[in-house]
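Data block below; observations after.
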Amino acid sequence: KGSIKNIVTKIGVPIGGGIMNKRRLLLHLIDVGCFLAMYLAVVFLSYIVSHKLPLSPFGHCVHFAILLAISVLVRSAFRIYRNIWRYANSHAYLLVVFADAASAVLGGLITFFTPYHMGGWQTLTLFCGFCLLTLTNRFVYQQYKSRKHLAESQNKINVVIVGAGNVGVL
């Protein structure tokens, strides 16, 4: 009843049922880690600029949770996690950029009307950095898989089936 699998399934992250769901969950966790890293970098940058923290520690936790929830909801609305990132194209990457831009606007507007607003430039920097980290992750993963596949296929003999159309093309 209170197991991790039941809790995570109730909040909408599918677990079980194959390797794709495990990869999708891992992608969510990597993105949360990137968001946390970028949030801490923005707080540190803000501290360097003003020599004080913009919010209390509790305020930062609430602000972080609000912005993370907005980011996850907007990315889910844009269906970011439905793509197979090994075969992603420019459309999938542009969706990440548009989703993060929408998250920045929505997050800035929502937190502006709460007592946990850190600042406009901080929110913009957070989402721009998060988008950059996300795209870097996806590009590195795609290159890793491409090179791994290339190394595995060097010992194979390529065969073309004449008359098979696009199916015969490697």
Side-chain angles (χ1 to χ4, degrees), residues 3-46 54-55 58-150 166:
S3 72
I4 300 276
K5 183 176 181 180
N6 290 339
I7 292 169
V8 174
T9 303
K10 286 180 184 175
I11 62 172
V13 179
I15 291 192
I19 196 163
M20 284 308 297
N21 290 332
K22 290 177 185 176
R23 286 183 182 165
R24 197 171 290 144
L25 177 63
L26 182 62
L27 195 58
H28 277 285
L29 293 175
I30 289 170
D31 284 350
V32 168
C34 288
F35 195 83
L36 177 62
M38 199 61 218
Y39 188 86
L40 293 174
V42 167
V43 169
F44 181 70
L45 183 64
S46 182
L55 298 171
F58 177 75
H60 278 295
C61 290
V62 172
H63 188 249
F64 174 79
I66 291 170
L67 292 180
L68 180 63
I70 289 169
S71 177
V72 168
L73 290 173
V74 170
R75 282 183 171 205
S76 295
F78 276 77
R79 298 179 174 252
I80 298 298
Y81 297 105
R82 299 249 181 222
N83 294 317
I84 300 173
W85 288 101
R86 186 183 312 174
Y87 309 112
N89 57 13
S90 59
H91 177 74
Y93 293 118
L94 280 174
L95 277 179
V96 171
V97 172
F98 292 142
D100 286 345
S103 296
V105 170
L106 192 60
L109 287 174
I110 289 175
T111 58
F112 182 75
F113 295 107
T114 67
Y116 306 110
H117 181 63
M118 192 162 52
W121 71 266
Q122 289 98 333
T123 303
L124 185 61
T125 304
L126 169 67
F127 281 102
C128 287
F130 179 50
C131 182
L132 186 62
L133 278 176
T134 300
L135 292 175
T136 302
N137 276 335
R138 304 310 197 260
F139 288 140
V140 167
Y141 177 75
Q142 202 172 34
Q143 287 300 310
Y144 168 75
K145 284 297 189 177
S146 173
R147 292 183 192 275
K148 183 178 173 186
H149 178 70
L150 182 65
N166 288 340

If I compare all heavy atoms of [X] with all of [Y], which pair ends up nearest, and what's the gap?
| X | Y | value |
| --- | --- | --- |
| Gly59 | Tyr116 | CA-CD2, 3.5 Å |
| Leu133 | Cys34 | CD1-O, 3.7 Å |
| Leu45 | Trp121 | CD2-CZ3, 3.8 Å |
| Gly107 | Thr123 | C-CG2, 4.5 Å |
| Phe127 | Ser103 | CE2-CB, 3.5 Å |

Going by heavy atoms in the side chains, are [X] and [Y] under 4.5 Å from each other?
| X | Y | answer |
| --- | --- | --- |
| Phe130 | Tyr39 | no |
| Leu55 | Val43 | no |
| Val42 | Met38 | yes |

Should Asn137 and Leu27 be marked as a side-chain contact (heavy atoms from CB on, under 4.5 Å) after you check the CA-CA gap, both sets of side-chain angles, and the distance that decides it?
CA-CA 10 Å; Asn137 276 335; Leu27 195 58; over 6 Å; no
[atom1] of [X] to [atom2] of [Y]: how many Å apart, nearest 0.5 Å?
| X | Y | atom1 | atom2 | answer |
| --- | --- | --- | --- | --- |
| His91 | Leu94 | NE2 | CG | 8.0 Å |
| Ile80 | Ser71 | CD1 | OG | 9.5 Å |
| Ile30 | Leu26 | CD1 | CG | 4.0 Å |
| Ile70 | Leu106 | CD1 | CG | 5.0 Å |
| Tyr93 | Cys131 | OH | SG | 12.0 Å |

Listed by chain and number, what are the salt bridge (charged side-chain N to carboxylate O under 4.0 Å, His left out) partners of Arg75, not counting sequence neighbours?
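Checked Arg75 against salt bridge (charged side-chain N to carboxylate O under 4.0 Å, His left out); matches are Asp31, Asp100.
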Check the pair Phe35 / Leu67 against side-chain contact (heavy atoms from CB on, under 4.5 Å), numbers first and verdict last.
CA-CA 9 Å; Phe35 195 83; Leu67 292 180; 3.7 Å; yes
List the steps and the verdict of side-chain contact (heavy atoms from CB on, under 4.5 Å) for Thr114 and His63.
CA-CA 9 Å; Thr114 67; His63 188 249; 5.8 Å; no
Ser146 side chain vs Gln142 backbone, donor-acceptor pair below 3.5 Å:
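Not a single qualifying donor-acceptor pair exists.
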Distance-only, no hydrogens or angles: does the Arg24 side chain make a donor-acceptor pair with backbone N or O of Tyr81 under 3.5 Å?
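Looks like yes, one N/O pair under 3.5 Å.
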Under 30°, 30 to 60°, or over 60°: which ring-plane class applies to His117 and Phe112, parallel, tilted or perpendicular?
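Because their plane-to-plane angle is over 60°, the rings of His117 and Phe112 count as perpendicular.
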Which residues pass the side chain to side chain contact (heavy atoms under 4.5 Å, CB included) test with Ala92, sequence neighbours left out?
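Side chain to side chain contact (heavy atoms under 4.5 Å, CB included) check on Ala92 returns Asn83, Trp85, Ala88, Asn89.
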